[in-house]
Amino acid sequence: MLTNMIASWRHVFKLDPQKTLTDANLERICQSDTDAIIVGGTDGITFDNTVDLLGRIRRYELPCVLEVSNLAAIVPGFDGYLIPLVLNATDVKWVIGAQHEAVKQFGGMIPWSDVLGEGYVVLNPQSRVARLTDSRTELSCEDMTAYAEMVEQLLNLPIFYVEYSGTYGDIEMVEAAKRGLDRTHLFYGGGIQSAVQAEAMAAVADTVVVGNCVYEDLAAALKTVKAVKG
Ligand code: 1GP
């Protein structure tokens, strides 16, 4: 079951279908001992570039899930599908609107056992995702704990995602999120560029997500795996 699979993930790489990655570098990523690959991004995600990346990742054995950001780019064949609900978005479209449209459109065809919702809180105001969703990023630790409690107790979502995309986050905010959770799995992603940063976030979050660093400094990105998993 998808929830059980995710429960064991300590480290994942997030790969963006829009960005270029050589076969040699993809091999290093997939054989790095990371627990899984999340395919996702905010802009320029198409069916073609998503199916192409999935096909290349499928040469390796590790799990690969799609974080859905564009209805037109939902490709069959992933091990699972993560659906973000951006809780601090001020545009309701990103809280529940786009998801409602998707279910209306694809209803009977959705393999629900392969789908998990993610309660997302976006915290880097400069990030593309914050601007797209018009997220309210000026949050306190109390705000974070309350969002986390809502995700687990009220919405009953399996994943809470602290998203600092593009910048290294405030660990106190991640700790505040953790305080609100008991069963729900905590993802941290954003700005990890070194083993030290990855290890620090892994001490609080259940899963650490490394994205951009793969494209900017692959050697450093690869070192985050051991830092998180020991
Ligand atoms: C983005 O949380 C991920 O959705 C990872 O962030 O690209 O900044 O590592 P970075």
Side-chain angles (χ1 to χ4, degrees), residues 6 9-21 25-26 29 32 34-45 49-50 53 57 64-70 73 78 80-89 94 98 116-133 135 137 139 144 147-148 151 157 159-171 173-174 177-178 185-202 204-225 227-228:
I6 282 171
W9 294 355
R10 289 287 286 140
H11 179 286
V12 304
F13 283 120
K14 191 183 277 191
L15 299 183
D16 187 335
Q18 203 207 191
K19 293 187 179 165
T20 306
L21 205 52
N25 285 351
L26 183 63
I29 290 162
S32 65
T34 189
D35 294 308
I37 303 288
I38 297 176
V39 171
T42 306
D43 289 317
I45 313 295
N49 61 23
T50 304
L53 182 57
I57 294 167
C64 182
V65 299
L66 179 66
E67 188 170 65
V68 177
S69 61
N70 174 2
F78 281 88
Y81 297 84
L82 306 180
I83 312 293
L85 283 71
V86 184
L87 302 175
N88 61 329
W94 303 110
L116 294 180
E118 302 174 301
Y120 241 71
V121 175
V122 172
L123 289 157
N124 174 13
Q126 310 302 331
S127 64
R128 179 73 189 113
V129 60
R131 284 183 278 123
L132 177 72
T133 59
S135 284
T137 57
L139 300 180
M144 280 303 280
Y147 274 129
V151 161
L157 293 172
I159 298 168
F160 185 74
Y161 196 128
V162 177
E163 174 65 288
Y164 272 97
S165 180
T167 193
Y168 190 65
D170 177 351
I171 197 148
M173 292 293 268
V174 189
K178 187 71 178 170
H185 196 85
L186 178 60
F187 277 42
Y188 169 82
I192 290 181
Q193 289 179 316
S194 70
V196 171
Q197 289 176 330
E199 190 178 4
M201 287 302 178
V204 184
D206 298 311
T207 301
V208 166
V209 183
V210 178
N212 273 328
C213 188
V214 160
Y215 303 96
E216 289 162 4
D217 185 350
L218 181 60
L222 294 171
K223 285 185 189 148
T224 64
V225 180
V228 169

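Atoms within each ligand, like the ligands themselves, are counted from 1 in listed order. Quick note: residue numbers are just sequence positions, from 1. Remember, it's a predicted structure, so these values are computed and weren't measured experimentally.
The nearest heavy-atom contact from the protein to atom 9 (O) of ligand 1 is Gly211 N, 3.0 Å. Taking atom 4 (O) of ligand 1 as the reference point, the nearest protein heavy-atom neighbour is Glu163 OE2, 2.5 Å. The nearest heavy-atom contact from the protein to atom 7 (O) of ligand 1 is Asn212 N, 2.8 Å.
By the 3.5 Å distance cut-off applied to N or O atoms, Tyr120 is not counted among the residues near ligand 1. Considering backbone and side-chain N/O of Gly191, one or more are found under 3.5 Å from N/O of ligand 1. Checked by distance only, ligand 1 and Gly166 come closer than 3.5 Å through their nitrogen or oxygen atoms. Distances between N or O atoms of Lys14 and those of ligand 1 include at least one value under 3.5 Å.
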Ser32/Thr34 under side-chain hydrogen bond (donor to acceptor under 3.5 Å, both in side chains): CA gap, chis, key distance, verdict: CA-CA 5 Å; Ser32 65; Thr34 189; 4.8 Å; no
side-chain hydrogen bond (donor to acceptor under 3.5 Å, both in side chains) between Glu67 and Tyr120, intermediate numbers included: CA-CA 12 Å; Glu67 188 170 65; Tyr120 241 71; 3.0 Å; yes
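Although no hydrogens or angles enter the test, the distance criterion places a donor-acceptor pair under 3.5 Å between the side chain of Glu163 and the main chain of Ser165. The backbone N or O of Arg10 lies less than 3.5 Å from a partner atom in the side chain of Asp35, making a donor-acceptor pair.
Those atoms of ligand 1 with a heavy atom of Gly189 less than 4.0 angstrom away are 2 (O).
By the 30° and 60° cut-offs, the orientation of the rings of Tyr164 relative to Tyr188 is tilted.
For Tyr161, every heavy-atom contact with ligand 1 shorter than 4.0 Å involves the side chain, none the backbone.
At a threshold of 4.5 Å between non-hydrogen side-chain atoms, the residues Leu123 and Met173 count as touching.
Here the CG-CG distance, from Leu15 to Leu53, works out to 5.5 Å after rounding to the nearest 0.5 Å.
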